[in-house]
Number of protein chains: 2
Amino acid sequence: MTIMPKQVDHDFRRRSIASAAIRVIDAVGLDAARLTDVAREGEVTTGAVTHYFASKDAVIEAALAEVVRRILDGQAAVDDNVLAADDLIGALSSFLPVDEEARRDWRVWFAFWGRAIVNERLRALHRDYYAEISRRLTRTLTILQDAGRLPPGATAADVADAVIAVIDGLGVRATFEPDLWPPARQVRVLHLLLIPILSNPGGGETAR
Amino acid sequence: MTIMPKQVDHDFRRRSIASAAIRVIDAVGLDAARLTDVAREGEVTTGAVTHYFASKDAVIEAALAEVVRRILDGQAAVDDNVLAADDLIGALSSFLPVDEEARRDWRVWFAFWGRAIVNERLRALHRDYYAEISRRLTRTLTILQDAGRLPPGATAADVADAVIAVIDGLGVRATFEPDLWPPARQVRVLHLLLIPILSNPGGGETAR
DNA sequence: GTTTTGGCATAATGGTCATTATGTAAAAGC
DNA sequence: GCTTTTACATAATGACCATTATGCCAAAAC
(Lines give C-alpha, C1' and ligand atoms only; values in the text may rest on other atoms or scores of the structure.)
Protein backbone atom coordinates (compact mmCIF):
# COMPACT_ATOMS: atom_id res chain seq x y z
CA MET A 1 0.00 0.00 0.00
CA THR A 2 2.85 2.40 -0.66
CA ILE A 3 1.34 4.05 -3.70
CA MET A 4 2.44 7.56 -4.33
CA PRO A 5 -0.04 9.79 -6.13
CA LYS A 6 -3.76 10.24 -5.79
CA GLN A 7 -5.16 7.54 -3.61
CA VAL A 8 -8.15 5.86 -5.18
CA ASP A 9 -9.91 2.69 -4.17
CA HIS A 10 -9.11 0.81 -7.31
CA ASP A 11 -11.33 -2.13 -6.45
CA PHE A 12 -14.26 0.06 -5.56
CA ARG A 13 -14.11 1.89 -8.88
CA ARG A 14 -14.00 -1.34 -10.81
CA ARG A 15 -17.02 -2.63 -8.96
CA SER A 16 -18.83 0.62 -9.48
CA ILE A 17 -18.26 0.43 -13.22
CA ALA A 18 -19.24 -3.23 -13.26
CA SER A 19 -22.49 -2.33 -11.51
CA ALA A 20 -23.16 0.35 -14.08
CA ALA A 21 -22.55 -2.24 -16.77
CA ILE A 22 -25.12 -4.50 -15.15
CA ARG A 23 -27.74 -1.78 -15.28
CA VAL A 24 -26.95 -1.03 -18.90
CA ILE A 25 -27.06 -4.70 -19.83
CA ASP A 26 -30.45 -5.02 -18.25
CA ALA A 27 -31.71 -1.98 -20.11
CA VAL A 28 -30.44 -2.64 -23.62
CA GLY A 29 -29.06 -6.16 -23.67
CA LEU A 30 -25.58 -7.55 -23.55
CA ASP A 31 -24.49 -6.99 -27.11
CA ALA A 32 -26.14 -3.60 -27.49
CA ALA A 33 -24.39 -2.31 -24.39
CA ARG A 34 -21.78 0.23 -25.43
CA LEU A 35 -18.89 1.39 -23.35
CA THR A 36 -20.12 4.95 -23.61
CA ASP A 37 -23.42 3.82 -22.09
CA VAL A 38 -21.60 2.12 -19.26
CA ALA A 39 -19.50 5.21 -18.69
CA ARG A 40 -22.50 7.52 -18.61
CA GLU A 41 -24.41 5.18 -16.32
CA GLY A 42 -21.41 5.04 -14.00
CA GLU A 43 -20.99 8.82 -14.18
CA VAL A 44 -17.51 8.62 -15.57
CA THR A 45 -16.06 8.91 -19.06
CA THR A 46 -14.92 6.21 -21.42
CA GLY A 47 -11.40 7.19 -20.44
CA ALA A 48 -12.06 5.98 -16.93
CA VAL A 49 -13.57 2.76 -18.19
CA THR A 50 -10.63 1.95 -20.41
CA HIS A 51 -8.35 2.95 -17.60
CA TYR A 52 -9.81 0.31 -15.34
CA PHE A 53 -10.46 -2.39 -17.90
CA ALA A 54 -8.26 -3.68 -20.65
CA SER A 55 -11.16 -4.26 -23.03
CA LYS A 56 -14.88 -4.38 -23.34
CA ASP A 57 -14.80 -8.10 -22.74
CA ALA A 58 -13.09 -7.44 -19.44
CA VAL A 59 -15.93 -5.11 -18.44
CA ILE A 60 -18.50 -7.74 -19.30
CA GLU A 61 -16.60 -10.35 -17.42
CA ALA A 62 -16.45 -8.12 -14.35
CA ALA A 63 -20.18 -7.50 -14.63
CA LEU A 64 -20.89 -11.21 -14.61
CA ALA A 65 -18.55 -11.70 -11.69
CA GLU A 66 -20.43 -9.00 -9.80
CA VAL A 67 -23.78 -10.63 -10.53
CA VAL A 68 -22.49 -13.96 -9.32
CA ARG A 69 -21.05 -12.39 -6.22
CA ARG A 70 -24.40 -10.84 -5.34
CA ILE A 71 -26.32 -14.05 -5.84
CA LEU A 72 -23.89 -16.02 -3.76
CA ASP A 73 -24.06 -13.41 -1.01
CA GLY A 74 -27.80 -13.82 -1.06
CA GLN A 75 -27.51 -17.56 -0.81
CA ALA A 76 -25.15 -17.36 2.11
CA ALA A 77 -27.69 -15.31 4.02
CA VAL A 78 -30.42 -17.79 3.16
CA ASP A 79 -28.35 -20.82 4.08
CA ASP A 80 -27.72 -19.49 7.52
CA ASN A 81 -31.41 -19.33 8.24
CA VAL A 82 -32.53 -22.52 6.58
CA LEU A 83 -31.84 -25.10 9.20
CA ALA A 84 -32.77 -22.82 12.04
CA ALA A 85 -36.18 -21.97 10.65
CA ASP A 86 -36.77 -25.51 9.41
CA ASP A 87 -38.29 -24.05 6.28
CA LEU A 88 -35.97 -24.98 3.45
CA ILE A 89 -38.49 -24.54 0.67
CA GLY A 90 -39.59 -21.19 2.02
CA ALA A 91 -35.98 -20.09 2.08
CA LEU A 92 -35.41 -21.36 -1.45
CA SER A 93 -38.34 -19.37 -2.71
CA SER A 94 -36.39 -16.22 -2.00
CA PHE A 95 -34.32 -17.03 -5.08
CA LEU A 96 -37.30 -16.90 -7.38
CA PRO A 97 -38.04 -13.80 -9.45
CA VAL A 98 -40.89 -12.66 -7.28
CA ASP A 99 -40.28 -8.93 -7.52
CA GLU A 100 -38.85 -6.53 -10.04
CA GLU A 101 -35.47 -6.40 -8.41
CA ALA A 102 -35.09 -10.16 -8.49
CA ARG A 103 -36.36 -10.28 -12.05
CA ARG A 104 -33.64 -7.82 -13.01
CA ASP A 105 -30.99 -10.11 -11.59
CA TRP A 106 -32.45 -13.02 -13.49
CA ARG A 107 -32.63 -11.07 -16.74
CA VAL A 108 -29.00 -10.07 -16.52
CA TRP A 109 -28.08 -13.59 -15.60
CA PHE A 110 -29.82 -14.89 -18.73
CA ALA A 111 -28.14 -12.29 -20.87
CA PHE A 112 -24.84 -13.95 -20.10
CA TRP A 113 -25.92 -17.42 -21.07
CA GLY A 114 -25.80 -16.70 -24.74
CA ARG A 115 -22.27 -15.40 -24.40
CA ALA A 116 -21.13 -18.16 -22.10
CA ILE A 117 -21.82 -20.63 -24.87
CA VAL A 118 -19.06 -19.20 -27.04
CA ASN A 119 -16.86 -17.37 -24.54
CA GLU A 120 -14.57 -19.63 -22.64
CA ARG A 121 -13.91 -17.27 -19.75
CA LEU A 122 -17.58 -16.58 -19.17
CA ARG A 123 -18.28 -20.28 -19.40
CA ALA A 124 -15.71 -20.95 -16.70
CA LEU A 125 -17.32 -18.33 -14.46
CA HIS A 126 -20.71 -19.86 -15.10
CA ARG A 127 -19.40 -23.27 -14.20
CA ASP A 128 -17.68 -22.11 -11.07
CA TYR A 129 -20.81 -20.36 -9.93
CA TYR A 130 -22.94 -23.46 -10.25
CA ALA A 131 -20.26 -25.59 -8.65
CA GLU A 132 -20.18 -23.29 -5.65
CA ILE A 133 -23.93 -23.02 -5.20
CA SER A 134 -24.31 -26.77 -5.66
CA ARG A 135 -21.57 -27.44 -3.14
CA ARG A 136 -23.20 -25.24 -0.52
CA LEU A 137 -26.64 -26.68 -0.99
CA THR A 138 -25.31 -30.21 -0.95
CA ARG A 139 -23.71 -29.52 2.38
CA THR A 140 -26.96 -28.24 3.81
CA LEU A 141 -28.88 -31.20 2.44
CA THR A 142 -26.42 -33.69 3.84
CA ILE A 143 -27.60 -32.60 7.25
CA LEU A 144 -31.17 -33.31 6.27
CA GLN A 145 -30.11 -36.63 4.84
CA ASP A 146 -28.46 -37.62 8.09
CA ALA A 147 -31.79 -36.90 9.74
CA GLY A 148 -33.38 -39.35 7.30
CA ARG A 149 -35.39 -36.68 5.58
CA LEU A 150 -34.28 -37.20 2.00
CA PRO A 151 -35.73 -39.86 -0.29
CA PRO A 152 -33.85 -43.11 0.26
CA GLY A 153 -31.58 -43.99 -2.61
CA ALA A 154 -30.99 -40.39 -3.64
CA THR A 155 -27.67 -38.73 -3.01
CA ALA A 156 -27.57 -35.32 -1.41
CA ALA A 157 -25.78 -34.06 -4.51
CA ASP A 158 -28.55 -35.27 -6.80
CA VAL A 159 -31.20 -33.69 -4.63
CA ALA A 160 -29.26 -30.43 -4.48
CA ASP A 161 -28.90 -30.28 -8.24
CA ALA A 162 -32.53 -31.24 -8.64
CA VAL A 163 -33.49 -28.29 -6.44
CA ILE A 164 -31.24 -25.97 -8.44
CA ALA A 165 -32.77 -27.20 -11.67
CA VAL A 166 -36.27 -26.54 -10.36
CA ILE A 167 -35.38 -23.01 -9.35
CA ASP A 168 -33.69 -22.30 -12.67
CA GLY A 169 -36.61 -23.71 -14.61
CA LEU A 170 -39.17 -21.71 -12.68
CA GLY A 171 -36.93 -18.67 -12.88
CA VAL A 172 -36.92 -18.78 -16.65
CA ARG A 173 -40.67 -18.88 -16.97
CA ALA A 174 -41.42 -16.37 -14.27
CA THR A 175 -38.87 -13.88 -15.53
CA PHE A 176 -40.14 -13.93 -19.08
CA GLU A 177 -43.83 -14.21 -18.23
CA PRO A 178 -44.28 -12.38 -14.93
CA ASP A 179 -47.98 -11.89 -15.50
CA LEU A 180 -48.53 -15.63 -15.88
CA TRP A 181 -46.37 -16.34 -12.86
CA PRO A 182 -47.39 -14.25 -9.88
CA PRO A 183 -45.35 -15.01 -6.77
CA ALA A 184 -48.10 -17.21 -5.34
CA ARG A 185 -48.01 -19.48 -8.35
CA GLN A 186 -44.22 -19.69 -8.35
CA VAL A 187 -44.25 -20.73 -4.72
CA ARG A 188 -47.10 -23.16 -5.30
CA VAL A 189 -45.31 -24.98 -8.10
CA LEU A 190 -42.07 -24.89 -6.15
CA HIS A 191 -43.80 -26.70 -3.31
CA LEU A 192 -45.44 -29.12 -5.70
CA LEU A 193 -42.04 -30.19 -6.94
CA LEU A 194 -39.95 -30.00 -3.81
CA ILE A 195 -42.15 -31.26 -1.00
CA PRO A 196 -41.87 -34.86 -2.23
CA ILE A 197 -38.07 -34.79 -2.24
CA LEU A 198 -37.37 -32.54 0.73
CA SER A 199 -39.72 -33.71 3.40
CA ASN A 200 -39.71 -37.45 3.23
CA PRO A 201 -40.13 -40.14 5.87
CA GLY A 202 -38.62 -38.75 9.04
CA GLY A 203 -39.59 -35.10 9.37
CA GLY A 204 -42.90 -33.29 9.26
CA GLU A 205 -44.08 -31.08 6.44
CA THR A 206 -41.26 -28.75 5.60
CA ALA A 207 -43.50 -25.80 4.82
CA ARG A 208 -47.08 -24.56 4.50
CA MET B 1 -48.72 -19.51 -58.78
CA THR B 2 -48.67 -17.55 -62.01
CA ILE B 3 -45.20 -16.13 -61.55
CA MET B 4 -43.30 -15.44 -64.69
CA PRO B 5 -39.55 -15.72 -64.43
CA LYS B 6 -37.34 -18.22 -62.68
CA GLN B 7 -39.40 -20.38 -60.39
CA VAL B 8 -37.87 -20.62 -56.93
CA ASP B 9 -39.29 -22.08 -53.77
CA HIS B 10 -39.24 -18.89 -51.78
CA ASP B 11 -40.15 -20.53 -48.51
CA PHE B 12 -37.57 -23.24 -48.90
CA ARG B 13 -34.78 -20.73 -49.47
CA ARG B 14 -35.77 -18.73 -46.43
CA ARG B 15 -35.71 -21.83 -44.29
CA SER B 16 -32.42 -22.89 -45.74
CA ILE B 17 -30.87 -19.54 -44.84
CA ALA B 18 -32.46 -19.66 -41.40
CA SER B 19 -30.92 -23.08 -40.84
CA ALA B 20 -27.54 -21.76 -41.87
CA ALA B 21 -28.03 -18.93 -39.39
CA ILE B 22 -28.70 -21.47 -36.66
CA ARG B 23 -25.45 -23.25 -37.36
CA VAL B 24 -23.53 -19.99 -37.36
CA ILE B 25 -25.16 -18.86 -34.14
CA ASP B 26 -24.18 -22.09 -32.49
CA ALA B 27 -20.62 -21.71 -33.69
CA VAL B 28 -19.89 -18.08 -32.88
CA GLY B 29 -22.80 -16.79 -30.82
CA LEU B 30 -25.78 -14.65 -31.63
CA ASP B 31 -24.19 -11.23 -31.67
CA ALA B 32 -20.97 -12.32 -33.35
CA ALA B 33 -22.90 -13.92 -36.20
CA ARG B 34 -22.38 -11.86 -39.34
CA LEU B 35 -24.51 -11.96 -42.41
CA THR B 36 -21.52 -12.93 -44.49
CA ASP B 37 -21.03 -15.94 -42.23
CA VAL B 38 -24.63 -16.93 -42.67
CA ALA B 39 -24.36 -16.51 -46.41
CA ARG B 40 -21.22 -18.64 -46.64
CA GLU B 41 -22.70 -21.31 -44.39
CA GLY B 42 -25.82 -21.36 -46.56
CA GLU B 43 -23.74 -21.44 -49.72
CA VAL B 44 -25.18 -18.24 -51.06
CA THR B 45 -24.00 -14.64 -51.10
CA THR B 46 -25.04 -11.76 -48.93
CA GLY B 47 -27.07 -10.57 -51.88
CA ALA B 48 -29.28 -13.61 -51.56
CA VAL B 49 -29.63 -13.10 -47.82
CA THR B 50 -30.68 -9.49 -48.15
CA HIS B 51 -32.95 -10.51 -50.97
CA TYR B 52 -34.87 -12.86 -48.71
CA PHE B 53 -34.72 -10.87 -45.50
CA ALA B 54 -35.31 -7.22 -44.91
CA SER B 55 -32.67 -6.97 -42.21
CA LYS B 56 -30.36 -8.91 -39.99
CA ASP B 57 -32.96 -8.87 -37.27
CA ALA B 58 -35.35 -10.59 -39.65
CA VAL B 59 -32.79 -13.34 -40.24
CA ILE B 60 -32.36 -13.85 -36.52
CA GLU B 61 -36.08 -13.92 -36.00
CA ALA B 62 -36.47 -16.54 -38.72
CA ALA B 63 -33.72 -18.60 -37.12
CA LEU B 64 -35.52 -18.58 -33.80
CA ALA B 65 -38.78 -19.47 -35.50
CA GLU B 66 -37.05 -22.41 -37.15
CA VAL B 67 -35.64 -23.62 -33.84
CA VAL B 68 -39.05 -23.41 -32.24
CA ARG B 69 -40.64 -25.23 -35.14
CA ARG B 70 -38.17 -28.08 -34.80
CA ILE B 71 -38.69 -28.43 -31.09
CA LEU B 72 -42.44 -28.42 -31.43
CA ASP B 73 -42.23 -31.02 -34.18
CA GLY B 74 -40.22 -33.14 -31.81
CA GLN B 75 -42.77 -32.71 -29.08
CA ALA B 76 -45.63 -33.67 -31.37
CA ALA B 77 -43.90 -36.93 -32.14
CA VAL B 78 -43.32 -37.57 -28.46
CA ASP B 79 -46.85 -36.73 -27.45
CA ASP B 80 -48.26 -39.25 -29.84
CA ASN B 81 -46.35 -42.03 -28.18
CA VAL B 82 -46.71 -40.99 -24.58
CA LEU B 83 -50.05 -42.37 -23.65
CA ALA B 84 -49.65 -45.44 -25.77
CA ALA B 85 -46.37 -46.48 -24.20
CA ASP B 86 -47.47 -45.43 -20.71
CA ASP B 87 -44.02 -43.99 -20.19
CA LEU B 88 -44.45 -40.27 -19.89
CA ILE B 89 -41.19 -39.61 -18.09
CA GLY B 90 -39.28 -41.73 -20.55
CA ALA B 91 -40.79 -39.75 -23.38
CA LEU B 92 -40.00 -36.45 -21.67
CA SER B 93 -36.37 -37.44 -21.31
CA SER B 94 -36.05 -37.21 -25.07
CA PHE B 95 -36.12 -33.44 -24.67
CA LEU B 96 -33.02 -33.41 -22.50
CA PRO B 97 -29.62 -32.57 -23.99
CA VAL B 98 -28.40 -36.13 -23.98
CA ASP B 99 -26.41 -35.99 -27.20
CA GLU B 100 -24.47 -33.42 -29.16
CA GLU B 101 -27.31 -32.70 -31.55
CA ALA B 102 -29.72 -31.98 -28.74
CA ARG B 103 -27.13 -29.89 -26.95
CA ARG B 104 -26.77 -27.79 -30.08
CA ASP B 105 -30.48 -27.08 -30.11
CA TRP B 106 -30.34 -26.10 -26.46
CA ARG B 107 -27.32 -23.85 -26.99
CA VAL B 108 -29.00 -22.00 -29.79
CA TRP B 109 -32.15 -21.76 -27.76
CA PHE B 110 -30.21 -20.16 -24.90
CA ALA B 111 -28.52 -17.75 -27.24
CA PHE B 112 -31.89 -16.22 -27.95
CA TRP B 113 -32.80 -15.69 -24.33
CA GLY B 114 -30.46 -12.78 -23.91
CA ARG B 115 -31.99 -11.11 -26.93
CA ALA B 116 -35.56 -11.93 -26.01
CA ILE B 117 -35.12 -9.84 -22.89
CA VAL B 118 -34.76 -6.65 -24.88
CA ASN B 119 -36.31 -7.54 -28.24
CA GLU B 120 -40.06 -7.42 -28.23
CA ARG B 121 -40.59 -9.62 -31.26
CA LEU B 122 -38.29 -12.35 -30.01
CA ARG B 123 -39.95 -12.13 -26.63
CA ALA B 124 -43.33 -12.67 -28.24
CA LEU B 125 -42.01 -15.72 -30.09
CA HIS B 126 -40.55 -17.04 -26.87
CA ARG B 127 -43.86 -16.56 -25.12
CA ASP B 128 -45.88 -18.18 -27.86
CA TYR B 129 -43.56 -21.13 -27.89
CA TYR B 130 -43.98 -21.79 -24.20
CA ALA B 131 -47.70 -21.21 -24.40
CA GLU B 132 -47.98 -23.83 -27.12
CA ILE B 133 -45.81 -26.44 -25.45
CA SER B 134 -47.58 -25.87 -22.14
CA ARG B 135 -50.98 -26.17 -23.79
CA ARG B 136 -50.10 -29.48 -25.42
CA LEU B 137 -48.64 -30.97 -22.29
CA THR B 138 -51.57 -29.80 -20.20
CA ARG B 139 -53.90 -31.59 -22.57
CA THR B 140 -51.95 -34.81 -22.24
CA LEU B 141 -51.83 -34.50 -18.48
CA THR B 142 -55.53 -33.86 -18.22
CA ILE B 143 -56.02 -37.41 -19.42
CA LEU B 144 -53.76 -38.67 -16.66
CA GLN B 145 -55.62 -36.52 -14.19
CA ASP B 146 -58.93 -38.00 -15.20
CA ALA B 147 -57.40 -41.36 -14.47
CA GLY B 148 -56.60 -40.10 -10.98
CA ARG B 149 -52.87 -40.23 -11.53
CA LEU B 150 -51.93 -36.66 -10.68
CA PRO B 151 -51.43 -35.40 -7.14
CA PRO B 152 -54.78 -34.35 -5.71
CA GLY B 153 -55.14 -30.60 -5.43
CA ALA B 154 -52.79 -29.85 -8.30
CA THR B 155 -54.15 -28.56 -11.60
CA ALA B 156 -53.02 -30.18 -14.82
CA ALA B 157 -51.68 -26.80 -15.89
CA ASP B 158 -49.52 -26.49 -12.78
CA VAL B 159 -48.15 -29.99 -13.24
CA ALA B 160 -47.45 -29.33 -16.91
CA ASP B 161 -45.56 -26.14 -16.14
CA ALA B 162 -43.75 -27.87 -13.32
CA VAL B 163 -42.60 -30.53 -15.78
CA ILE B 164 -41.47 -27.88 -18.25
CA ALA B 165 -39.57 -26.09 -15.53
CA VAL B 166 -37.79 -29.28 -14.56
CA ILE B 167 -36.75 -29.97 -18.12
CA ASP B 168 -35.56 -26.41 -18.64
CA GLY B 169 -33.63 -26.45 -15.41
CA LEU B 170 -31.93 -29.74 -16.18
CA GLY B 171 -31.36 -28.59 -19.73
CA VAL B 172 -29.39 -25.60 -18.57
CA ARG B 173 -27.04 -27.57 -16.39
CA ALA B 174 -26.57 -30.46 -18.77
CA THR B 175 -25.93 -28.21 -21.75
CA PHE B 176 -23.28 -26.16 -20.02
CA GLU B 177 -21.71 -29.00 -18.05
CA PRO B 178 -22.13 -32.10 -20.21
CA ASP B 179 -19.31 -33.92 -18.46
CA LEU B 180 -20.99 -33.50 -15.08
CA TRP B 181 -24.34 -34.54 -16.53
CA PRO B 182 -24.07 -37.75 -18.50
CA PRO B 183 -27.43 -38.91 -19.87
CA ALA B 184 -27.85 -41.44 -17.07
CA ARG B 185 -27.64 -38.71 -14.44
CA GLN B 186 -30.04 -36.44 -16.30
CA VAL B 187 -32.58 -39.20 -16.49
CA ARG B 188 -32.02 -40.16 -12.88
CA VAL B 189 -32.67 -36.65 -11.59
CA LEU B 190 -35.61 -36.29 -13.95
CA HIS B 191 -37.17 -39.36 -12.39
CA LEU B 192 -36.34 -38.15 -8.91
CA LEU B 193 -38.36 -35.01 -9.53
CA LEU B 194 -41.16 -36.29 -11.70
CA ILE B 195 -42.10 -39.67 -10.32
CA PRO B 196 -43.76 -38.11 -7.27
CA ILE B 197 -45.98 -35.84 -9.36
CA LEU B 198 -46.65 -38.06 -12.37
CA SER B 199 -47.37 -41.44 -10.93
CA ASN B 200 -49.48 -40.84 -7.92
CA PRO B 201 -52.28 -42.87 -6.36
CA GLY B 202 -53.95 -44.70 -9.21
CA GLY B 203 -51.30 -45.96 -11.60
CA GLY B 204 -48.20 -48.03 -11.10
CA GLU B 205 -44.64 -46.79 -11.50
CA THR B 206 -44.56 -44.71 -14.64
CA ALA B 207 -41.03 -45.72 -15.60
CA ARG B 208 -37.86 -47.56 -14.63
C1' DG C 1 -35.62 -14.91 -80.42
C1' DT C 2 -36.70 -11.07 -78.22
C1' DT C 3 -38.39 -8.94 -74.25
C1' DT C 4 -39.29 -8.75 -69.62
C1' DT C 5 -38.66 -9.39 -64.78
C1' DG C 6 -37.40 -11.37 -60.75
C1' DG C 7 -33.15 -13.67 -58.57
C1' DC C 8 -29.19 -12.82 -57.11
C1' DA C 9 -23.76 -11.58 -57.27
C1' DT C 10 -20.60 -7.96 -56.46
C1' DA C 11 -19.10 -3.72 -55.07
C1' DA C 12 -19.67 0.79 -52.68
C1' DT C 13 -21.13 3.40 -48.73
C1' DG C 14 -21.51 4.89 -44.37
C1' DG C 15 -22.45 4.47 -39.44
C1' DT C 16 -21.11 2.78 -35.29
C1' DC C 17 -18.32 1.91 -31.79
C1' DA C 18 -13.87 -0.16 -29.50
C1' DT C 19 -9.55 1.12 -29.09
C1' DT C 20 -5.63 4.20 -29.02
C1' DA C 21 -3.38 8.53 -28.46
C1' DT C 22 -2.76 12.76 -26.41
C1' DG C 23 -3.37 16.11 -22.99
C1' DT C 24 -4.30 17.84 -18.21
C1' DA C 25 -5.02 18.17 -13.33
C1' DA C 26 -3.89 16.87 -8.88
C1' DA C 27 -1.85 14.58 -5.30
C1' DA C 28 2.21 12.57 -3.22
C1' DG C 29 7.03 12.63 -2.30
C1' DC C 30 11.30 15.13 -1.56
C1' DG D 1 7.69 24.41 -4.92
C1' DC D 2 9.28 21.30 -8.00
C1' DT D 3 8.99 16.73 -9.87
C1' DT D 4 6.89 12.62 -10.70
C1' DT D 5 3.26 9.59 -11.40
C1' DT D 6 -1.30 8.29 -11.45
C1' DA D 7 -6.14 9.20 -12.80
C1' DC D 8 -8.59 10.37 -15.70
C1' DA D 9 -10.92 13.55 -19.90
C1' DT D 10 -11.14 14.38 -24.66
C1' DA D 11 -10.25 13.64 -29.24
C1' DA D 12 -8.60 10.80 -33.20
C1' DT D 13 -8.28 6.55 -35.55
C1' DG D 14 -9.66 2.75 -37.80
C1' DA D 15 -11.95 -1.71 -38.22
C1' DC D 16 -15.84 -3.94 -38.94
C1' DC D 17 -20.22 -4.92 -41.15
C1' DA D 18 -25.13 -3.95 -42.17
C1' DT D 19 -27.18 -1.86 -45.61
C1' DT D 20 -27.68 -0.01 -50.24
C1' DA D 21 -26.71 0.39 -55.10
C1' DT D 22 -25.68 -1.43 -59.41
C1' DG D 23 -25.65 -4.65 -62.83
C1' DC D 24 -25.80 -9.20 -64.87
C1' DC D 25 -27.95 -13.59 -65.93
C1' DA D 26 -31.35 -16.84 -66.72
C1' DA D 27 -35.77 -18.28 -67.36
C1' DA D 28 -40.40 -17.47 -68.75
C1' DA D 29 -43.85 -15.55 -71.82
C1' DC D 30 -45.25 -14.66 -76.43
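Counting non-hydrogen atoms under 4.0 angstrom, A/S55 reaches the backbone sugars and phosphates but no base. Residue-level contact check: A/A33 touches the backbone only, with heavy atoms under 4.0 Å from sugar-phosphate atoms and none from bases.
Separating the CG atom of B/D31 from the P atom of C/dA18 is a distance of 12 Å, rounded to the nearest angstrom. In this structure, A/I60 places its CD1 atom 13 Å from P of C/dC17, rounding to the nearest Å. The nearest whole Å value for the distance from the CD1 atom in A/I17 to the C1' atom in D/dA7 is 11 Å. The distance from atom CZ of A/F53 to atom P of D/dA7 is 14 Å, rounded to the nearest whole Å. Rounded to whole Å, the distance from NE2 on A/H51 to C1' on C/dA18 is 18 Å. Here the P atom of nucleotide C/dA18 and the CZ atom of A/R40 are 12 Å apart, to the nearest Å. What separates OH of B/Y52 from C1' of D/dT19 is a distance of 19 Å, to the nearest Å. Counting to the nearest Å, the P atom of D/dA7 and the NE2 atom of A/H10 are 7 Å from each other.
Nearest heavy-atom pair across A/I60 and A/R115 is CD1-NH1, 3.3 Å.
Here C/dA11 is the nucleotide among C/dG7, D/dA11, C/dA11 with the atom lying nearest to any side-chain atom of B/T46. Closest to the side chain of A/T50, from the set D/dA7, C/dA18, C/dT20, is C/dT20. Which of C/dC8, D/dT19, C/dT19 sits closest to the side chain of A/K56 comes down to C/dT19. Considering only side-chain atoms of A/R34, the nucleotide from C/dC8, D/dT19, C/dC17 that sits closest is C/dC17.
Checked against the 6.0 Å centroid threshold, B/F176 and A/H126 count as a close aromatic pair. Not less than 6.0 angstrom separates the ring centroid of A/F95 from the ring centroid of A/W106. Taking the ring centroids of B/W113 and A/F112, they lie at or beyond the 6.0 Å cut-off.
Using a 4.0 Å cut-off, no side-chain N or O of B/R13 falls inside it from OP1 or OP2 of C/dG7.
The closest side-chain donor-acceptor pair between B/T175 and B/R104, if any, does not fall under 3.5 angstrom.
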